[in-house]
Amino acid sequence: MKTTRLFILCAIIAVLMTGCGVYNPMTVHIPLIHERGEVQLEGALLPTTRWPVPLDMRASVAWGITNHLAVQAAIDPFRAYSQAMAGLYFPQENNFVWEIYVGAGTGMGRQSNIGGMEPWTIPRGTFRSVFVQGDAGWLEMTRKGHLDLAFSLKTGV
């Protein structure tokens with residue numbers, strides 16, 4: 001019994017150690033469009049440790065074009081990332097929504113100065129991604145505000 005527990009603990013630690021030391025993922029945008037003509041605007045200012053710019057910005061817009069077709073676009077200028085997607089949404093009773101989107105994104109990756117590399121030798125690279133994203137969630141409008149609860153699976157290359 002102790003051997004099994006020790007093996008499971010070692011396996012979990014080994015899996016966690018193979019990942020990135022610091023990982024800053026892109027935000028998954030989940031529109032949850034519920035009806036034709038609905039427009040959603042989203043924006044954020046986030047504190048960072050980068051100098052001389054102490055804030056990071058992100059913005060997105062989503063629009064329900066028809067009763068089941070929606071589009072969404074997002075930009076993250078300081079991380080040099082943008083994406084656009086189009087897809088279908090299926091509103092259900094009780095403010096529940098199913099969505100499926102296909103999209104593409106582009107951006108620029110940077111390697112941090114880990115391991116004593118000189119700043120001028122830090123590699124940069126551009127990337128492009130194509131993805132499929134499935135969403136499911138609830139929309140709740142109350143007198144005190146608006147609350148969305150959603151789950152998403154985004155996969156691509």
Side-chain angles (χ1 to χ4, degrees), residues 12 14-114 117 119 121-142 144-157:
I12 291 171
V15 167
L16 293 175
M17 290 179 68
T18 60
C20 298
V22 175
Y23 181 60
N24 193 357
M26 297 298 166
T27 304
V28 175
H29 298 276
I30 306 173
L32 290 186
I33 299 292
H34 199 261
E35 61 188 27
R36 177 183 181 177
E38 181 178 351
V39 175
Q40 292 182 4
L41 301 173
E42 177 186 349
L45 288 174
L46 307 167
T48 67
T49 58
R50 270 193 309 267
W51 185 257
V53 182
L55 292 176
D56 195 0
M57 292 187 292
R58 296 180 186 160
S60 73
V61 60
W63 175 39
I65 298 173
T66 68
N67 288 336
H68 294 289
L69 178 66
V71 293
Q72 186 266 354
I75 188 167
D76 188 340
F78 290 111
R79 290 174 26 165
Y81 180 76
S82 60
Q83 77 171 29
M85 62 185 186
L88 302 172
Y89 67 96
F90 304 97
Q92 309 293 311
E93 294 182 15
N94 298 328
N95 294 332
F96 187 81
V97 178
W98 290 101
E99 298 178 322
I100 184 81
Y101 290 97
V102 294
T106 185
M108 183 171 57
R110 298 176 188 92
Q111 181 178 345
S112 62
N113 192 12
I114 296 174
M117 292 176 67
T121 63
I122 296 174
R124 292 178 168 204
T126 59
F127 65 90
R128 290 177 183 76
S129 63
V130 179
F131 59 87
V132 175
Q133 176 177 322
D135 307 328
W138 292 269
L139 308 152
E140 192 62 43
M141 296 290 286
T142 65
K144 295 182 180 180
H146 183 108
L147 175 67
D148 294 347
L149 176 62
F151 302 95
S152 177
L153 177 62
K154 183 176 185 177
T155 185
V157 294

Self-check item: Minimum heavy-atom distance between I30 and A150, given as atom pair plus value
Solution: CG2-CB, 3.8 Å
Exercise. Report the distance from atom CG of N95 to atom CG of L149, rounding to the nearest 0.5 Å.
Key: 12.5 Å
Quiz prompt | Heavy-atom pair of closest approach, residues F131 and G105 | solution = CE2-N, 4.2 Å
Exercise. Evaluate the side-chain proximity of P31 to Y101: yes if any heavy-atom separation is below 4.5 Å, no if none is.
Key: yes
Self-check item: Sidechain-backbone polar pair: Q133 side chain, H29 backbone, donor-acceptor under 3.5 Å
Solution: yes
Self-check item: Distance-only donor-acceptor check, side chains Q40 and E38, under 3.5 Å
Solution: yes
Practice problem: Under the ring-ring contact (aromatic ring centres under 6.0 Å, His included) rule, what do H34 and Y89 come out as? Steps first, then yes or no, please. | Solution: CA-CA 7 Å; H34 199 261; Y89 67 96; 8.0 Å; no
Quiz item: How are the rings of W138 and F151 set to each other: parallel, tilted or perpendicular (split at 30° and 60°)?
Solution: perpendicular
Quiz item: Among V39, I75, V71, which one satisfies side chain to side chain contact (heavy atoms under 4.5 Å, CB included) with V61?
Solution: V39
Quiz item: Do you know the tightest heavy-atom contact between I100 and G134?
Solution: CD1-CA, 4.2 Å
Practice problem: May I ask you to test the Y81-S129 pair for a side-chain heavy-atom distance under 4.5 Å? | Solution: yes
Quiz item: Should V97 and D135 count as side-chain neighbours, where that means a heavy-atom distance under 4.5 Å?
Solution: no
Quiz item: For the residue pair N67 and R36, what are the closest heavy atoms and their distance?
Solution: OD1-CB, 3.3 Å
Quiz item: Does E99 reach the main-chain N or O of I33 with its side chain, forming a donor-acceptor pair under 3.5 Å?
Solution: yes
Quiz item: L139 versus P91: any side-chain heavy-atom pair under 4.5 Å?
Solution: no
Exercise. Would you check if I65 and W63 make a side-chain contact, meaning some heavy-atom pair closer than 4.5 Å?
Key: yes
Exercise. Search all heavy atoms of M57 against all heavy atoms of D76 and return the closest pair with its distance.
Key: O-OD1, 3.1 Å
Quiz item: Does E42 reach the side chain of R58, with side-chain heavy atoms less than 4.5 Å apart?
Solution: no
